Amino acid sequence: MAELVIRKMEVTDIQQVMEVERSSFKSPWPEDIFYQEVVNNDHAHYFVMEVDKKIVGYAGLWIVIDDAQITNIALMPAYRGHKLGEKLFQYIALQAMRIGVKRLSLEVRKSNVIAQKMYRKFGLVPGGVRKNYYSDDQEDAIVMWVNLK
Ligand SMILES: CC(C)(COP(=O)(O)OP(=O)(O)OC[C@H]1O[C@@H](n2cnc3c(N)ncnc32)[C@H](O)[C@@H]1OP(=O)(O)O)[C@@H](O)C(=O)NCCC(=O)NCCS
């Protein structure tokens with residue numbers, strides 16, 4: 001049986017995380033953003049998911065006082081559709097709840113119905129639209145959120 005681990009992201013993970021990132025987004029974040037997030041941003045909490053010691057996904061959130069914002073979540077294409085995204089989401093939502101945040105929110109591309117469907121399973125609902133939010137193609141972002149308390 002495969003060994004599944006979710007743990008904090010370390011600087012030494014960034015090369016592997018970049019593979020997840022490049023295979024998941026048409027405008028991937030550059031490596032230095034991950035570096036900033038992991039090393040310099042006290043509000044940022046990043047986690048990786050490993051299957052048999054190989055990083056297959058990652059997720060991050062910013063926690064500022066009562067609010068948690070999920071910055072990103074992604075799995076390598078070959079590992080999608082097996083409830084791993086759901087496990088990872090549940091894990092980071094639990095981290096936020098343990099810290100005591102009251103609200104969880106995120107932005108998601110209007111066209112990304114798969115991710116929206118997963119977020120709805122966790123009670124997130126659309127709260128508004130940020131028009132032309134994504135700088136690469138001006139796609140709108142849907143803001144989704146849930147009260148945790
Ligand atoms: C979004 C993502 C993390 C989901 O991870 P996943 O492991 O594939 O999803 P899971 O197998 O855990 O499924 C969780 C739920 O997502 C939805 N979902 C997953 N795959 C789906 C598909 N092909 N079609 C429709 N809904 C789907 C379903 O609601 C599913 O629950 P259900 O099976 O009970 O219906 C993954 O698809 C991914 O990495 N996508 C690319 C990056 C991305 O878009 N990230 C989100 C940025 S906001």
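Here the structure is a predicted model, which means the values were calculated and not measured. In each ligand, atom 1 is the first atom listed, and ligand 1 is the first ligand listed.
Of the N or O atoms in Asn112, one or more lie within a sub-3.5 Å distance of an N or O in ligand 1. For ligand 1, the polar-atom distance check finds an N/O of Leu75 within less than 3.5 Å of one of the ligand's N/O atoms. In terms of N/O distances under 3.5 Å, ligand 1 is not approached by Ala74. Polar contact check, Arg80 against ligand 1: a nitrogen or oxygen pair lies under 3.5 Å apart. Any N or O atom pair closer than 3.5 Å counts here, and Gly81 shares at least one such pair with ligand 1.
Only the side chain of Lys121 comes within 4.0 Å of ligand 1, counting heavy atoms alone; its backbone N, CA, C and O stay farther away. The residue Tyr58 has no part lying near ligand 1, judged by heavy-atom distances below 4.0 Å. Proximity of Phe89 to ligand 1, defined as any heavy-atom pair under 4.0 Å, is not found for any part of the residue.
For the residue pair Val108 and Ala115, the shortest heavy atom distance occurs at CG2-CB, 4.1 Å.
Ion pair Arg130/Glu107 flagged as a salt bridge, since at least one NZ, NE, NH1 or NH2 atom sits closer than 4.0 Å to an Asp/Glu carboxylate oxygen. With respect to Asp137 and Lys26, a salt bridge is recorded, a charged nitrogen being found less than 4.0 Å from a carboxylate O.
Atom 2 (C) of ligand 1 lies below 4.0 Å from none of the non-hydrogen atoms of the protein.
The salt bridge (charged side-chain N to carboxylate O under 4.0 Å, His left out) search around Arg80 returns none, not counting sequence neighbours.
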task: Please report the C-alpha distance between Phe122 and Gln90 in whole Å, then the side-chain angles of each, then the deciding distance to 0.1 Å, and finally whether the side chain to side chain contact (heavy atoms under 4.5 Å, CB included) criterion is met.
output: CA-CA 8 Å; Phe122 289 94; Gln90 187 174 41; 3.9 Å; yes
